[in-house]
Amino acid sequence: RPISVLSCLALPVSFVACAGNHAASDARVASRTLAPLQGDLASADAPTLEAACAQHLASVRARVATLKATPRPVAKRDVEAVLDTYDEANGELDTIGSIAEVVFNSNPDAATRAAGEKCTVQVSALASEIALDRGLYDVIASLDLSGQDAATKFWIAQDLADFRRAGVNRDDATRARVKEIGRAHV
């Protein structure tokens, strides 16, 4: 179920999924309604795709801001909600990035392909920004996962390692330089 935003650094819009279903093991967690399939968006015109891309990127940024505002230490009762929000942010970024990639690579209309390419670049830039976000890293690293299943522990361990490989644990000057290099390649 979890999808790692940080995998975007290695594969621009592809994400590595980890099989985990920590919510299913806890009856206290309210069920979530999944977003509908986005197939219509893949066949949309350029302005519709651009608007959807902007909306999804803003939503991901809002979820990341919510995560960063989480009081620390994160209460044990809030760990599940933090994991869900993190997972939803990753999934939303993956969804819009995947749709944009399909449009960029296959739409017959040049303007729509250009909108797909622009969105793909924006998704990649946001993924890089997230990978270097020390505040988000600190929240995820602070979670007490002792009550979570093995798949969830593995997912978070992999994501934390991805954050560190991206340079999140470096000093501010080094992270700024990494961001600058990333922008030059995006």
Side-chain angles (χ1 to χ4, degrees), residues 1-26 29 32 34-35 56-101 120-172 174-179 181-183 185-186:
R1 140 183 137 85
I3 301 171
S4 172
V5 160
L6 301 173
S7 298
C8 273
L9 296 176
L11 303 169
V13 185
S14 300
F15 292 85
V16 177
C18 301
N21 191 5
H22 52 84
S25 64
D26 188 351
V29 176
R32 298 184 304 181
L34 297 176
H56 284 287
L57 294 175
S59 176
V60 170
R61 283 188 178 94
R63 289 176 198 242
V64 169
T66 297
L67 288 166
K68 290 169 58 173
T70 302
R72 280 168 284 201
V74 178
K76 197 125 172 105
R77 70 179 177 278
D78 296 331
V79 169
E80 194 73 36
V82 169
L83 289 170
D84 284 345
T85 302
Y86 181 60
D87 186 29
E88 290 165 1
N90 287 326
E92 187 165 6
L93 192 60
D94 178 47
T95 297
I96 192 61
S98 295
I99 291 168
E101 186 74 20
T120 300
V121 169
Q122 291 171 330
V123 167
S124 183
L126 181 55
S128 295
E129 180 183 320
I130 289 169
L132 291 168
D133 190 322
R134 184 61 193 232
L136 178 60
Y137 171 82
D138 288 343
V139 169
I140 302 304
S142 74
L143 296 176
D144 177 358
L145 301 176
S146 61
Q148 300 299 316
D149 62 19
T152 300
K153 292 175 183 176
F154 179 80
W155 162 45
I156 296 302
Q158 292 300 110
D159 274 16
L160 291 173
D162 289 344
F163 271 110
R164 289 187 296 274
R165 276 191 293 278
V168 76
N169 57 336
R170 306 293 182 172
D171 59 79
D172 291 341
T174 302
R175 283 197 316 275
R177 178 71 178 131
V178 169
K179 284 180 187 178
I181 292 169
R183 275 192 286 269
H185 292 292
V186 172

Gap between atom CD1 of I140 and atom OG1 of T70 - 0.5 Å precision: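 Taking OG1 in T70 and CD1 in I140, the distance rounds to 8.0 Å.
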Atom pair CG/OG1 of L136 and T66 - distance to nearest 0.5 Å: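 So the CG of L136 and the OG1 of T66 are separated by 11.0 Å.
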Side chain to side chain donor-acceptor pair (under 3.5 Å) partner of H56, chosen from R61, E92, Q122: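 Only one of R61, E92, Q122 forms a side chain to side chain donor-acceptor pair (under 3.5 Å) with H56, namely E92.
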Distance-minimising heavy-atom pair for [X] and [Y]:
{"X": "T85", "Y": "R63", "value": "CG2-O, 3.9 Å"}
{"X": "A166", "Y": "L132", "value": "O-CD2, 3.1 Å"}
{"X": "W155", "Y": "L83", "value": "CH2-O, 3.6 Å"}
{"X": "E101", "Y": "T120", "value": "OE1-CG2, 3.2 Å"}

Working for side chain to side chain contact (heavy atoms under 4.5 Å, CB included), residues L126 and V64: CA-CA 11 Å; L126 181 55; V64 169; over 6 Å; no
Parallel, tilted or perpendicular, as decided by the 30° and 60° cut-offs, for the rings of Y86 and F163: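 If you compare the ring of F163 with that of Y86, the planes turn out parallel.
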Stepwise side chain to side chain contact (heavy atoms under 4.5 Å, CB included) test for V60 and V123: CA-CA 10 Å; V60 170; V123 167; over 6 Å; no
Test log, rule side chain to side chain contact (heavy atoms under 4.5 Å, CB included), inputs D162 and D159: CA-CA 5 Å; D162 289 344; D159 274 16; 4.1 Å; yes
Side-chain donor or acceptor of T95 paired with backbone N/O of G91 under 3.5 Å: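 Pair found, side chain donor or acceptor close to backbone of G91.
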Passing option when D144 is tested against K153, R72, K76 for salt bridge (charged side-chain N to carboxylate O under 4.0 Å, His left out):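 The salt bridge (charged side-chain N to carboxylate O under 4.0 Å, His left out) with D144 is passed solely by K76 among K153, R72, K76.
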Criterion side chain to side chain contact (heavy atoms under 4.5 Å, CB included) on V82 and L143, from CA distance to verdict: CA-CA 9 Å; V82 169; L143 296 176; 3.8 Å; yes
With sequence neighbours excluded, residues passing side chain to side chain contact (heavy atoms under 4.5 Å, CB included) with A75: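 Side chain to side chain contact (heavy atoms under 4.5 Å, CB included) check on A75 returns R77, D78.
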